[in-house]
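All remarks here apply to the structure that follows.
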Amino acid sequence: STYAVNNTQESVGYKNMIPVVMSGVLAIYGLIYSVISSQAVASSAFSASQGYANFAGGLAVGFCCLVAGIAIGICGEAGIV
């Protein structure tokens, strides 16, 4: 486990925690966008074009987080981070 590695080799244990923290930050970006877009949906004058714009924004945030997560995984596996 991460705790056992941290007890034996401190630098390796902290290196293993960096991808976990970064993936949590990416998840929070998605939550922030969902709160912002849900506030826009709550208004009474919500058109179809605004709906497509919110959908496109959600896709953009999702794909950016997906690609960043893949990059974090590759760097974490290689031991770069």
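- Atom-to-atom distance recorded for Leu66:CG and Ile70:CD1 is 4.5 Å, nearest 0.5 angstrom.
- Taking OG from Ser38 and OH from Tyr33, the interatomic distance works out to 10.5 Å, rounded to the nearest 0.5 Å.
- Under a hydrophobic clustering in which Ile, Leu, Val, Met, Phe, Trp and Tyr are joined whenever their side-chain heavy atoms come within less than 4.5 Å, directly or via other members, Met22 and Val25 fall into the same cluster.
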Tabulate below the donor-acceptor pairs under 3.5 Å that side-chain atoms of residues 45-63 make, not counting sequence neighbours, or state none.
{"from": "Ser47", "atom 1": "OG", "to": "Ser49", "atom 2": "OG", "distance (Å)": "3.1"}
{"from": "Ser47", "atom 1": "OG", "to": "Gln50", "atom 2": "N", "distance (Å)": "3.4"}
{"from": "Gln50", "atom 1": "OE1", "to": "Ser47", "atom 2": "N", "distance (Å)": "3.1"}

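- Counting all heavy atoms, side chain and backbone alike, Ser34 lies closest to Ser37 at O-OG, 3.2 Å.
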